Number of protein chains: 2
Amino acid sequence: MLGTAVAPGLRPDMAADEENAPAAPVRTITDLARLAGVSAGTVSRALAGNSLVNDQTRERIQALAREHGFRLNQMASRLRRQKTGVIGVVIPLGHDRRQQISDTFFMTLLGFLADELTEKGYDLMLRRVIPDRDKDWLDRFIGSGMVDGVLVIGQSDQFERIEEAADGYLPMVVWGNHQEGQRHCVVGTDNRLGGKLAAERLIAGGARRIAFLGDTAAIEFAARHAGAAEVAARLGATVEVLPTHLAPDSSAAEVADHVAVRGQDFDAIFAASDAIAVYALRELGKRGIRVPDQVRLIGFDDLPIAAQTVPALTTIRQDILGGAKAMVDLLLRRLAGEETESLVLPPRLILRDTA
Amino acid sequence: MLGTAVAPGLRPDMAADEENAPAAPVRTITDLARLAGVSAGTVSRALAGNSLVNDQTRERIQALAREHGFRLNQMASRLRRQKTGVIGVVIPLGHDRRQQISDTFFMTLLGFLADELTEKGYDLMLRRVIPDRDKDWLDRFIGSGMVDGVLVIGQSDQFERIEEAADGYLPMVVWGNHQEGQRHCVVGTDNRLGGKLAAERLIAGGARRIAFLGDTAAIEFAARHAGAAEVAARLGATVEVLPTHLAPDSSAAEVADHVAVRGQDFDAIFAASDAIAVYALRELGKRGIRVPDQVRLIGFDDLPIAAQTVPALTTIRQDILGGAKAMVDLLLRRLAGEETESLVLPPRLILRDTA
DNA sequence: GGAGAGGTTGCAAACGATTGCAAGATTCCT
DNA sequence: AGGAATCTTGCAATCGTTTGCAACCTCTCC
């Protein structure tokens, strides 16, 4: 029952293995099957663990696998099982070609997504696309057979294309702005409300002429502006857009320009993101304009830097961690076939020293 | 030759397709072959483009593929061709479990890597691992059959394990510190030299007692400290380590503590990274300690924030973009079988206002 | 002692694309 | 016109794993 149960062919094999040190490479499940003296099917089941193989056989095979450092070929496994265990994450760089993938907000979100997906046992395939160059970016990713589902970080200016893709593809969740009646599942901050909170705070502090620093071609930013404009109109203030793009090498200069040329015309600045706000803060400081006495300033995102500037930045916080968790959760439910609703997260005004 | 050359079976198919609007799903190469009236092999060759199929056949098949939105199943293709077109990127979170994947420096590097890999036609599979929990992290990734090669971002405290893996696995390139005689291919800044540059500058400005803010358990940071210490010893100054970890939620507090408790003992601070330097700068400002008059400060990395603080941060620049390009280049050469050497990039002192 | 019930295992067909080889169709040359 | 040379194309094996089905073995119970 014990030693005698071992297949006769096994002994010589093991002897050979111990003598000829150059251990035979055990690459496939078939190699392992030969070593163990069983069939490939049994090895497969044994490695899967929860199957109907004899306990002793299973343990013997698993030990052998460990000993030889055997790993399943995931490509084959995934082909056969028709699922990949991989979630695709796309960052479309659309509305501003100069924007880099290294955008702090998106990278932070990406980090949390990586954590969450790892936690749930999925791998993450990252792709950065420039939609203008590659019209087909989303379908290509979806249809590649490489991923079970897709997370899109930022709608950029690709709202319509995402809508179209969503019509035929369930397992997709997007970070971005929610619009009435849209068809794709989105997780994101209530940007409009965020804009309102910012404007209310600025106006309550005495501001009447607000500059909005940001690029309203991006739908999220447009919503932030719209919220601020609505409040301003109601309370007798104005909001003017000074277009500012999110490119590491030019943002600072654009902001400096705005402050130089139009600085006198405003008593408050609402920056579309903390990154922009930091540039503005620095430029104001350089010119000796006191914040918040002469100009009030509010940012958006609440990135770690926001708490570290001097004076510390008042800003609108987005719940990045919560958003990442929600995206993954919704995606997994969609993978299971559920038609999930979009989720709009409330922004929060973080009071610090600039407004 | 023209219309008559078309296989007889084709017409009915197309008619059926046009009548029964619910377009037959064209998922596999075989479906497409049936539609086109050719064999699967021919379709495969036609789609690959550069093969030996008749020009007209090729174009007809490609048009059909486009029309039906056909995509190759990458899993199958890659299994057969024994290459994946995917490069794995791992971020080991070892020396400080609280460190997050969202570490700014690593994320910036990751962004550039993504750009470079995309450029070269590779996809990027991202994995975050906690080596303490998963002893096997590197072998598992390498042996998974999911990636053609691996890039490791940061050695953390896993130097030995990476060495072992490198012995049996060529296509791997690591970002990190270079040590005499090491076996794995690394790209990284000359941290020791960076430390020297920093110390030289601080001491030239009059500093004698330098505090090093960082965690010397991380090999890169240890090298930065060692460089500074060497210069200090030569020039009659001292460098003392005040352990500071890179965790978003606790770094600021640790730095504040150091400044509060030991602030009087030093006339200069060398921060192991800009992130830490920014915290230090803020804390010094809060306490009314003038920079650089009372305390000189130098950071490391030259992240975008460094130029935006007030006063702007003097720092040691790492060439992140150049490093990313080099890592990808070396990896591709290793994929081709070449045994590449490590590459050590020179750091550069960026003079701003804090030292 | 034989039938039936469980428990294990092997067999072989998938998964979808690629590719060496050989067959068929054309063209060209003598 | 016959045969070689050149193009195209189809056939079938292959990549490595999973899994339904059937075969086999061992007990148990009547």
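To find a chain, count down the sequence lines: A is the first, B the second, and so on, and within it residues start at 1. This structure is a prediction, so every number in the text was calculated from the model and none was measured.
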Between [N] and [X], is there an OP1 or OP2 to side-chain N/O distance shorter than 4.0 Å?
X	N	value
Gln74(A)	dG16(D)	no
Ser44(B)	dT18(C)	yes
Gln56(B)	dT8(D)	no

Under the side chain to side chain donor-acceptor pair (under 3.5 Å) test, residues paired with [X] that sit two or more places apart:
X	result
Arg27(A)	none
Ser39(A)	Thr42(A)
Arg183(A)	Glu163(A), Asp167(A)

In this structure, how many angstroms lie between the [atom2] atom of [N] and the [atom1] atom of [X], rounded?
X	N	atom1	atom2	result
Leu72(A)	dC15(D)	CG	P	17 Å
Ile29(A)	dC15(D)	CD1	C1'	14 Å
Arg78(B)	dG16(D)	CZ	C1'	17 Å
Met75(B)	dT18(C)	CE	P	14 Å
Arg60(B)	dT9(D)	CZ	C1'	12 Å
Met146(B)	dG16(D)	CE	P	16 Å
Asp31(A)	dG16(D)	CG	P	9 Å

Checklist outcome for this item: Expected string for nucleotides 5-10 of chain C under the B/S/- scheme (protein heavy atoms, under 4.0 Å, primed atoms plus P, OP1, OP2 as sugar-phosphate) is ---BBB
Next on the checklist: Whether the side chain of Arg81(A) and the base of dT18(D) hold a donor-acceptor pair under 3.5 Å is what I'd like checked.
Outcome noted: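 No.
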Next on the checklist: Can you tell me whether the side chain of Arg80(A) and the base of dT18(D) have a donor-acceptor pair closer than 3.5 Å?
Outcome noted: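 Answer yes: a donor N or O sits under 3.5 Å from an acceptor.
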Checklist entry - How is Leu79(A) classified with respect to the nucleic acid when contacts are heavy atoms under 4.0 Å: base, sugar-phosphate, or nothing? => result base
Checklist entry - Excluding sequence neighbours, so at least two apart, what forms ring-ring contact (aromatic ring centres under 6.0 Å, His included) with Phe159(A)? => result His184(A)
Next on the checklist: Tell me the bend of the helix from dG1(C)-dC30(D) to dT30(C)-dA1(D) as the angle between end helix axes, each from five pairs, rounded to the nearest 10 degrees.
Outcome noted: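 Comparing the first five pairs with the last five, the axes sit 60° apart.
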Next on the checklist: Could you go through Ile61(B) and Val53(B), starting from their C-alpha distance and side-chain angles, then the distance that decides it, and tell me whether this counts as side chain to side chain contact (heavy atoms under 4.5 Å, CB included)?
Outcome noted: CA-CA 11 Å; Ile61(B) 292 176; Val53(B) 283; over 6 Å; no
Checklist entry - Under the criterion side-chain contact (heavy atoms from CB on, under 4.5 Å), which of Glu341(B), Met172(B), Met327(B), Gln155(B) is the partner of Val186(B)? => result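 Of the listed options, the one satisfying the test is Gln155(B).
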Checklist entry - At what distance, to the nearest 0.5 angstrom, does CG of Leu35(B) lie from OG1 of Thr30(B)? => result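 One gets 11.5 Å once the value is rounded to the nearest 0.5 Å.
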Checklist entry - What's the spacing between Asp123(A) CG and Leu117(A) CG if we round to 0.5 Å? => result 9.0 Å
Checklist entry - With distance as the sole criterion, is a donor-acceptor pair present between the side chains of Arg334(A) and Thr340(A) under 3.5 Å? => result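 Side chains of Arg334(A) and Thr340(A): pair found under 3.5 Å.
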